[in-house]
**Q** 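Can you keep this structure in mind? I'll have questions shortly.
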Amino acid sequence: MGIVSRISQVDKTPRKRAVLERDKVSKRSSIIQAAASLLSKKDLADLSMDEVAKRAKIAKGTLYLYFTTKEDLYLKVHILDYKNWFEDLISYLEDNQKTKPIFLDWFVSSFDRHPRFVKILPVVPTILEKNASIETIKEYKTELLNHLNTVIPHLTL
């Protein structure tokens, strides 16, 4: 048997399906990362689930097992972006407790550091929340509330 025929046999072996919860979480995370990477380069309207599936190296049908709509997936990406933005905010507040530089400067410059967050933010209520699952919307709102509650103790007048 030649090398070429052995390679074709290897390519035909089916990939192992994620059965364990940790495997499902890992696959979900890799899908979100693939979508996040693509959203950093493309607009929401220009990105397809097919492209996300290819980037995540999974079948399109598998993608839909994890995220029933494009909006559901992109809202999950936005949850991740909110987390990163709030971490940046908390870091700023902790580092500047004594000097109190102008918050407005930090706020405006934060948009340069988090461009995907800014790009998706305006379409959250108009597009994403209207087409995402109730579970994802609930997770989004809960995460946002948790982040706000984490920031509040750092805010002083």
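From a predicted model like this one, the values you see are computed outputs, not experimental measurements.
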**Q** What heavy-atom pair brings Arg116 and Ser37 nearest, and what distance separates the two atoms?
**A** NH1-N, 4.3 Å
**Q** Nearest 0.5 angstrom please: Lys138 NZ to Thr142 OG1, how far?
**A** 6.5 Å
**Q** Carefully, step by step, assess Tyr66 and Lys24 under the rule side-chain contact (heavy atoms from CB on, under 4.5 Å).
**A** CA-CA 9 Å; Tyr66 287 88; Lys24 291 177 183 179; 3.8 Å; yes
**Q** Does one side chain, of Thr136 or Ser133, offer a donor that lies under 3.5 Å from an acceptor on the other?
**A** yes
**Q** Quick check: do Lys83 and His147 have side-chain heavy atoms less than 4.5 Å from each other?
**A** yes
**Q** Nearest 0.5 Å, what's the CG-CG distance between Leu38 and Asp46?
**A** 11.5 Å
**Q** Measuring from atom CZ of Phe111 to atom CH2 of Trp106, what distance do you get when rounded to the nearest 0.5 angstrom?
**A** 8.0 Å
**Q** Looking only at the side chains, is there a donor atom on one of His114 and Asn84 sitting less than 3.5 Å from an acceptor on the other?
**A** no
**Q** Minimum heavy-atom separation for Ala34 to Arg55, with atom names?
**A** CB-CG, 3.4 Å
**Q** Flag the pair Leu128 / Ile120 as yes when at least one side-chain heavy-atom distance between them is below 4.5 Å, and no otherwise.
**A** yes
**Q** Is there side-chain contact between Leu47 and Asp43, with heavy atoms separated by less than 4.5 Å?
**A** no
**Q** Which pair of heavy atoms, one from Phe67 and one from Arg28, lies closest together, and at what distance?
**A** CZ-CG, 3.5 Å
**Q** Decide yes or no for Val151 and Leu93: does some side-chain heavy atom of the first lie under 4.5 Å from some side-chain heavy atom of the second?
**A** yes
**Q** How far does CD1 of Ile31 sit from CD1 of Ile58, to the nearest 0.5 angstrom?
**A** 3.5 Å
**Q** Using the ring centroid of each side chain, check whether Trp85 and Tyr82 are separated by less than 6.0 Å.
**A** no
**Q** For residues Asn146 and Thr150, report the shortest heavy-atom separation together with the two atoms involved.
**A** O-OG1, 2.8 Å
**Q** How about Lys119: does its NZ atom have over 12 heavy atoms from other parts shown lying under 6.0 Å from it?
**A** yes
**Q** How far does OH of Tyr74 sit from OG1 of Thr69, to the nearest 0.5 angstrom?
**A** 10.0 Å
**Q** With hydrophobic residues grouped by side-chain heavy-atom distances under 4.5 Å, do Val25 and Val52 end up in a single group?
**A** no
**Q** Indicate the atoms forming the closest heavy-atom contact of Lys70 with Leu44, along with that distance.
**A** NZ-O, 3.3 Å
**Q** When you compare the side chains of Ser26 and Arg22, does any donor N or O come within less than 3.5 Å of an acceptor on the partner?
**A** no
**Q** With heavy-atom distances below 4.5 Å as the criterion, would you say the side chains of Leu89 and Phe107 are in contact?
**A** no
**Q** Could you tell me whether a side-chain N or O of Thr68 sits under 3.5 Å from a main-chain N or O of Tyr64, the two making a donor and an acceptor?
**A** no
**Q** With a 4.0 Å cut-off, would you call Glu51 and Lys60 a salt bridge?
**A** no
**Q** Going from CD on Gln33 to OG on Ser29, what distance comes out if it is rounded to the nearest 0.5 angstrom?
**A** 5.5 Å
**Q** Return yes when atom CD1 of Ile134 has more than 12 non-hydrogen atoms of other residues, nucleotides or ligands closer than 6.0 Å, and no otherwise.
**A** no
**Q** With a 4.0 Å cut-off on N to O distance, would you call Lys54 and Asp50 a salt bridge?
**A** yes
**Q** Closest approach of Leu75 and Ala132, non-hydrogen atoms and distance?
**A** CD2-CB, 3.9 Å
**Q** Assess the residue pair Glu129 and Tyr140 against the criterion (side-chain contact (heavy atoms from CB on, under 4.5 Å)); give the C-alpha distance rounded to whole Å, side-chain angles, the decisive distance to 0.1 Å, and a yes or no.
**A** CA-CA 9 Å; Glu129 286 187 12; Tyr140 170 70; 3.2 Å; yes
**Q** Any heavy-atom pair between the side chains of Val123 and Thr126 that's under 4.5 Å?
**A** yes
